[in-house]
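The structure under discussion appears below in the form of C-alpha cells.
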Amino acid sequence: MIGFKLPDYMTGINVPGYHFHFLSDDRKHGGHVSDFILSQGKFELEVFKDFHLRMPASHEFDQADLHPDDLKAAIHVTES
Ligand SMILES: [Zn+2]
C-alpha cells in the first residue's frame, strides 16, 4: 500500500487530504483504499517538497474539452 497527503492548494490536480492505493501480492489487483487499520507491517514516511506532473503528449489531449468544474467532479468520483 502506498499513500500520500496532498495539501488543499492541490485541489484540481488531485483530491486534497490522505489518499491510499494498494497492490496485491501477486500484483494482479489494486485500487483505492478507503479505510484501514495497520495491525502489522512497516510504516515509512517521507516529505516531498517538489511535485512533477507529466501531461499526455498527444493531439487528443491537446484538443480535449476539459472544463475545471467537470474535472473536479470526475476526480472526486474517481478518487473517492
Ligand atoms: Zn487514487
Side-chain angles (χ1 to χ4, degrees):
M1 187 163 68
I2 188 167
F4 46 88
K5 180 183 179 191
L6 291 174
D8 289 341
Y9 61 79
M10 293 295 289
T11 300
I13 300 296
N14 209 317
V15 176
Y18 288 101
H19 189 112
F20 290 90
H21 290 185
F22 77 94
L23 183 63
S24 65
D25 287 341
D26 64 6
R27 298 175 183 245
K28 292 183 178 178
H29 307 282
H32 288 112
V33 175
S34 58
D35 195 12
F36 70 95
I37 296 173
L38 182 65
S39 58
Q40 65 179 44
K42 183 177 172 184
F43 177 83
E44 293 181 20
L45 175 69
E46 183 168 349
V47 177
F48 290 93
K49 291 296 185 184
D50 60 1
F51 180 86
H52 299 263
L53 178 63
R54 180 176 292 193
M55 308 305 286
S58 70
H59 178 72
E60 290 79 11
F61 183 80
D62 292 342
Q63 300 301 314
D65 187 16
L66 303 172
H67 294 281
D69 290 339
D70 296 341
L71 287 175
K72 276 187 210 171
I75 290 171
H76 182 73
V77 168
T78 301
E79 302 293 351
S80 299

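Predicted model, so just to flag it, every value in this text is computed and none were measured.
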Residue pair His21 / His32, side-chain heavy-atom distance below 4.5 Å: yes

Which atom pairs, donor and acceptor, lie under 3.5 Å between side-chain atoms of residues 46-53 and protein residues at least two apart or in another chain?
residue: Asp50; atom: OD2; partner: His52; partner atom: NE2; Å: 3.4

Nearest non-hydrogen partners of Pro16 and Pro7, listed with the distance: CB-O, 3.7 Å

Nearest heavy-atom neighbours spanning Ser24 and Phe22: N-CD1, 4.1 Å

Single-linkage hydrophobic cluster, 4.5 Å side-chain cutoff, Val33 and Phe4 together: no

Phe36: ring pair (Phe, Tyr, Trp, His ring centres under 6.0 Å) partners, not counting sequence neighbours: Phe20

Asp26 atom CG, over 12 foreign heavy atoms within 6.0 Å: yes

Point-to-point distance, once rounded to the nearest 0.5 Å, from NE2 of His29 to CG of Leu23: 10.0 Å

Within one Ile-Leu-Val-Met-Phe-Trp-Tyr cluster: Ile37 and Tyr18, side-chain cutoff 4.5 Å: no

Joint hydrophobic cluster, Ile2 plus Leu6, side-chain heavy atoms closer than 4.5 Å: no

